[in-house]
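Letters A, B, ... mirror the listed sequences (proteins, then strands); counts begin at 1.
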2 protein chains.
Amino acid sequence: MTTESARIYIIDDDAEMRGSLDSLLRSTGYDVVPFASTREFLGHGLADKPSCLVLDIRLQAESGLDFQERLARENIRIPVVLMTGHGDIPMTVRGMKAGAVDFLPKPFREEEMLSAVAQAIETDRSRRAADGNAGVLRQRYESLTPREREVMGLVVTGLMNKQVAGRMNLSEITVKIHRGNVMRKMEAQSLADLVRMAEVLAIRDTSITRFGSPD
Amino acid sequence: MTTESARIYIIDDDAEMRGSLDSLLRSTGYDVVPFASTREFLGHGLADKPSCLVLDIRLQAESGLDFQERLARENIRIPVVLMTGHGDIPMTVRGMKAGAVDFLPKPFREEEMLSAVAQAIETDRSRRAADGNAGVLRQRYESLTPREREVMGLVVTGLMNKQVAGRMNLSEITVKIHRGNVMRKMEAQSLADLVRMAEVLAIRDTSITRFGSPD
DNA sequence: ACCGGACCCAAACCAAAGTTTCGATAAACC
DNA sequence: GGTTTATCGAAACTTTGGTTTGGGTCCGGT
């Protein structure tokens, strides 16, 4: 149930290794896509389902560790299972610090790989769930006009309409209108809802959270 | 500034190693307390300031890795820097997965240890800051009466006073009084404040978040 | 028996939030 | 030129939120 329709990408320049990993994971029910290089992998594009990357460290063109860090820099957040035939402790530490789910020295037992991959998939599954929620919220937030966003930032900070009005040099009635639009567009059922949405979106007025009450 | 008054605990059964680590860290400005065994360490008690633990893996009585996991189980959250003379990759993975800040194979360069320790102290410093805030909130929350807590749970969920009243079989005016007490006791300046406090305290009415509107 | 605290409620307010209806200007777009 | 959209505001409400004042019961501790 956890395994069905989950995708595993493999990057290893050893064709034999690719083949055996492919058959192992495929027989377990995963959707497997093997590559011989990081370039091929990047050219392929990622599927929109729970995935993970089984990455060999020693590659011809680019070190697997370097590639892992590059993925992080480029905000490609796929769980990585590292493997290597000639690893040492500093490499392991580096890989784990960079967020690898596991680090398997070759040769490894099949169960070790399956366990690591299962955990990686589970990690990606929950990340996707969380990101999905945030994505909907971001989309709604983007539908707000600049003024509405400004009002939202001040409202979720706890300011009253009149304080927002004073800070933005508006009449209170205008603030109420913007505020109403925010509630409607964000589909918030209550102020408590809106505050929690703002927490997820990391929205807050910087001039207020840093100080107490500047004005 | 980061180093002053930070405490480093060392557990290593090799007296020579303890001595050299002690002098290295002490000369850097840390407050160092060395131990030869995990028992000694546990008997000593932890200081209430930014701290970390430099832990050798190969000990007579108890493995450092086991001890690290025991600390986690017993909820003793101190950042751990692991070191070992005879480490392998599986041990490294296990230590890093258990949350070690770093894993240093002996012999290591002084700068490596200092860098790992500095990062561990910084980790503990921010954890203490976050925990401190949560602690204050928990204390305030405990000062609430059962009814007040109940009202708070429903209010931060987004319910209006009259809805809270209906759900608790109270008059709206009573809800308002409880709600006012909650705001005062929790020292919340606004509803938005209270919602954020509830998020930190992980408070919410279970009968509401699970279903829509049971009644 | 007395006191304090938790709990409950009503009347009478006042302040804040929210809505609708009526405008109005200015910029962007076709 | 006409349309849309964002922006701003007034008047006239209704609904919530919040406080104060003044009651009341019940229970546990002294």
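To the nearest angstrom, C1' of D/dG9 lies 18 Å from CZ of A/Arg179. A straight line from CD of A/Glu148 to P of D/dT7 spans 6 Å, rounded to a whole angstrom. Atom pair A/Ile177:CD1 and C/dA24:C1' shows a separation of 12 Å (rounding to whole Å applied). Going from atom CE of B/Met160 over to atom C1' of C/dG18 covers 12 Å, rounded to whole Å. The distance from atom CD of A/Glu150 to atom P of D/dA6 is 15 Å, rounded to the nearest whole Å. If you measure from atom CD of A/Gln163 to atom P of C/dA16, you get 9 Å, rounded to the nearest angstrom. The nearest whole Å value for the distance from the CG atom in B/Asn181 to the C1' atom in D/dG18 is 12 Å. Remark: P of D/dC13 and NZ of A/Lys176 are 14 Å apart, rounded to the nearest angstrom.
Map A/His178 and A/Ile173 each onto its nearest nucleotide of DNA chain D; the residue landing nearer the 5' end is A/His178. Between A/Glu172 and B/Leu170, the one whose closest nucleotide on DNA chain C sits nearer the 5' end is B/Leu170.
The two atoms that bring A/Asn181 and A/Arg184 nearest to each other are OD1-NH2, 3.1 Å, heavy atoms only.
Taking CG of A/Asp102 as the reference point, atom CD of A/Gln119 lies at 7.0 Å (rounded to 0.5 Å). Interatomic distance, CG of B/Leu21 versus CE of B/Met113, reported as 5.0 Å (0.5 Å rounding).
B/Leu191 comes within 4.0 angstrom of no nucleic acid atom, judged by non-hydrogen atoms across all strands. At the heavy-atom level, B/Thr145 lies under 4.0 Å from the strands shown only through sugar-phosphate atoms. Contacts of B/Ser171 with the nucleic acid, taken as non-hydrogen atoms under 4.0 Å apart, involve only primed sugar atoms and P, OP1 or OP2.
Comparing C/dC7, D/dT7, C/dC9 by their closest approach to the side chain of B/Pro146 singles out C/dC7.
One finds a side-chain N or O of B/Lys162 lying less than 4.0 angstrom from the OP1 or OP2 phosphate oxygen of D/dT16. Contact annotation: B/Asn161 reaches the phosphate of D/dG17 (side-chain N/O to OP1 or OP2, under 4.0 Å).
Contact of the B/Cys52 side chain with the B/Glu122 side chain is not registered, since no non-hydrogen atoms from C-beta on lie closer than 4.5 Å.
Under a 4.0 Å N-O distance rule, the pair A/Asp22/A/Arg26 qualifies as a salt bridge.
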